[in-house]
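To start, the structure itself, in structure tokens.
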Amino acid sequence: MAQIIDGKLVSARLREEIRHEVEKMKEHGRAPGLAVILVGEDPASQVYVKNKEKACAEVGFYSEKYLLPETTSEHELIALINKLNANTDIDGILVQSPVPKHIDYKKIVDTIDPSKDVDAFSPVNVGRIMLGTYSLAPCTPAGIMELIASTGTDISGKNCVVVGRSNIVGKPMAMLLLHADGTVTVCHSKTKNLKEITSNADILVAAVGKAGFITADMIKPGAVVIDVGMNRDENGKLTGDVDFDGACNVASFITPVPGGVGPMTITMLLKNTLTSRKLH
Ligand code: L34
């Protein structure tokens, strides 16, 4: 049976370190400040943003939350970001994705001052991730690196397979694994012989967005399996991209959904905001 990688536990340890550092920081100066913006009423986004706000309070950050109506114009959103760019109490700005269709997310990300881009989504920060010279890490992939480290697995020389090539997860994940000397393969919807490739993975990261897509027969015995999926069934129950029960019989370590990658994404956001505070 696979051991479950407890994302809440790994998160709690890191958040305690952050909280402690913030406490010391506040003796001499201001706390790190994060602004989170949500446009519209997507129920899943509301949960994630609420979790981010809660996490900020937990570690003693200053935070501002902007819940804007669906009808907010691109122009209004850009004006708010420009105000936050100039606000010296704010070290991090995050616009929760997805945004309504009439807003161009790329344009929004381009407006955020790269030094406050705690998602590390802006072209400057993405470039730094590619070069390996980044200080703001992509949150979900960086959280996954911590989860892998928590198992004691050395990535160097391992076959790492990432299923999914999104800008938020797949692409930056591949880069971080490559920087850690993994042998990295990125698979996607056009990949042929997917099972053949995943079956060779010592470390398998599933970021597909389809419930139960990765089945036990696609997993190498003893693999470390990371499930990035956040799929909701018709009853609103959260499930990952991996058939968890089946995978448990094959993998050596596996992350659950919920309680795996999700909490770590938020923890890395806190870490980036703290880093950004030190640079401002
Ligand atoms: N700008 N947009 C921006 N930055 C991000 O880093 C995100 N992401 C993704 C969606 N859009 C974004 C998140 O915050 C996904 N994501 C995220 C964050 C937290 C959680 C899930 C996704 C989370 O807290 N998950 C909990 C369960 C929550 C629930 O019950 O719905 C968990 O234990 O996995």
Side-chain angles (χ1 to χ4, degrees), residues 4-12 14-15 34-58 63 65-68 77 80-81 84 92-100 103-112 114 116-122 125-126 129 136-144 146-147 164 166-173 176 205-209 211 226-233 235-242 244 254-273 276:
I4 291 171
I5 309 174
D6 186 343
K8 280 196 179 157
L9 187 73
V10 180
S11 273
L14 289 167
R15 288 185 196 189
L34 176 67
V36 179
I37 304 170
L38 173 60
V39 187
E41 265 124 57
D42 179 66
S45 296
Q46 285 174 336
V47 173
Y48 306 156
V49 166
K50 202 177 75 205
N51 289 350
K52 288 177 185 186
E53 189 190 22
K54 231 172 64 191
C56 281
E58 225 179 272
S63 76
K65 186 171 72 170
Y66 295 87
L67 300 177
L68 307 180
L77 183 55
L80 171 60
I81 294 169
L84 293 166
I93 303 167
L94 177 154
V95 180
Q96 190 70 19
S97 160
V99 292
I103 297 175
D104 180 358
Y105 192 65
K106 193 178 146 304
K107 210 155 140 193
I108 297 308
V109 168
D110 274 342
T111 307
I112 299 172
K116 297 191 178 190
D117 167 35
V118 282
D119 270 324
F121 287 171
S122 82
N125 289 319
V126 172
I129 290 158
L136 296 174
C139 297
T140 300
I144 291 170
E146 294 285 348
L147 291 172
S166 71
N167 290 327
I168 300 192
V169 184
K171 283 190 220 168
M173 184 76 253
L176 298 199
V205 179
V208 191
I226 306 289
D227 192 347
V228 191
M230 283 281 153
N231 312 294
R232 261 159 235 279
D233 69 12
N235 305 316
K237 191 178 171 287
L238 207 56
T239 49
D241 290 344
V242 179
F244 184 81
I254 186 166
T255 62
V257 178
V261 173
M264 287 304 290
T265 295
I266 296 179
T267 301
M268 293 300 118
L269 170 68
L270 299 174
K271 199 170 168 210
N272 278 348
T273 306
S276 177

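As the structure is a prediction and not an experimental result, all values here were calculated from the model. In listed order, ligands and their atoms are each counted from 1.
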Contact check, side chains of Met173 and Thr140, non-hydrogen atoms, under 4.5 Å: no

Atom indices of ligand 1 within 4.0 angstrom of Tyr105 heavy atoms, with elements: 1 (N)

Top protein contact for atom 16 (N) of ligand 1, by heavy-atom distance: Tyr48 CD1, 4.0 Å

Residue-ligand contact Arg232/ligand 1, heavy atom below 4.0 Å: yes

Ile266 to ligand 1, any heavy atom closer than 4.0 Å: yes

Rounded distance (nearest 0.5 Å) linking atom OH of Tyr105 with atom CD of Gln96: 7.5 Å

Nearest protein heavy atom with distance in Å, relative to atom 5 (C) of ligand 1: Lys52 NZ, 3.5 Å

Within-shell test, Gly259 vs ligand 1, heavy atom, strictly < 4.0 Å: yes

Region of Thr140 engaging ligand 1 - heavy atom pairs below 4.0 Å: neither

CG on Leu14 to CE on Met264, rounded to 0.5 Å: 5.0 Å

Residue, atom name and distance, where the atom is the protein heavy atom closest to atom 2 (N) of ligand 1: Ser97 N, 3.0 Å

Shortest non-hydrogen separation from Ser166 to Pro172 and the atoms involved: O-CD, 3.7 Å

Residue selection (non-hydrogen contact nearest atom 7 (C) of ligand 1) among Lys8, Gln96, Met264, Met230: Gln96

Nearest-neighbour protein heavy atom for atom 30 (O) of ligand 1, which is reported as residue plus atom name and distance: Leu238 CD2, 4.0 Å

Distance from atom 4 (N) of ligand 1 to nearest protein heavy atom, with residue and atom: Asp119 OD1, 2.9 Å

Heavy-atom check, side chain of Asn167 versus side chain of Phe121, under 4.5 Å: no

Smallest separation among heavy atoms of Ala55 and Ile266, with atom names: CB-CG2, 3.5 Å

Atoms of ligand 1 close to Pro263 [distance to a heavy atom under 4.0 angstrom, numbered from 1]: 32 (C), 33 (O), 34 (O)

Check: Asp241 side chain, Asp227 main-chain N or O, donor-acceptor pair, under 3.5 Å: no

Whether Lys52 side chain and Leu269 backbone form a donor-acceptor pair below 3.5 Å: no

Expected output: side-chain Ser11 to main-chain Pro263 donor-acceptor under 3.5 Å: yes

Which of the ligand 1 atoms, numbered from 1, are nearer than 4.0 Å to a heavy atom of Pro258: 27 (C), 32 (C), 33 (O), 34 (O)

Closest to atom 24 (O) of ligand 1 (judged by heavy-atom distance), picking from Val49, Val36, Asn51: Asn51

Val126 to Ala120 - nearest heavy-atom pair and separation: CG2-O, 3.8 Å

Mode of Cys139 contact toward ligand 1 - side chain, backbone, both, neither (heavy atoms, under 4.0 Å): neither

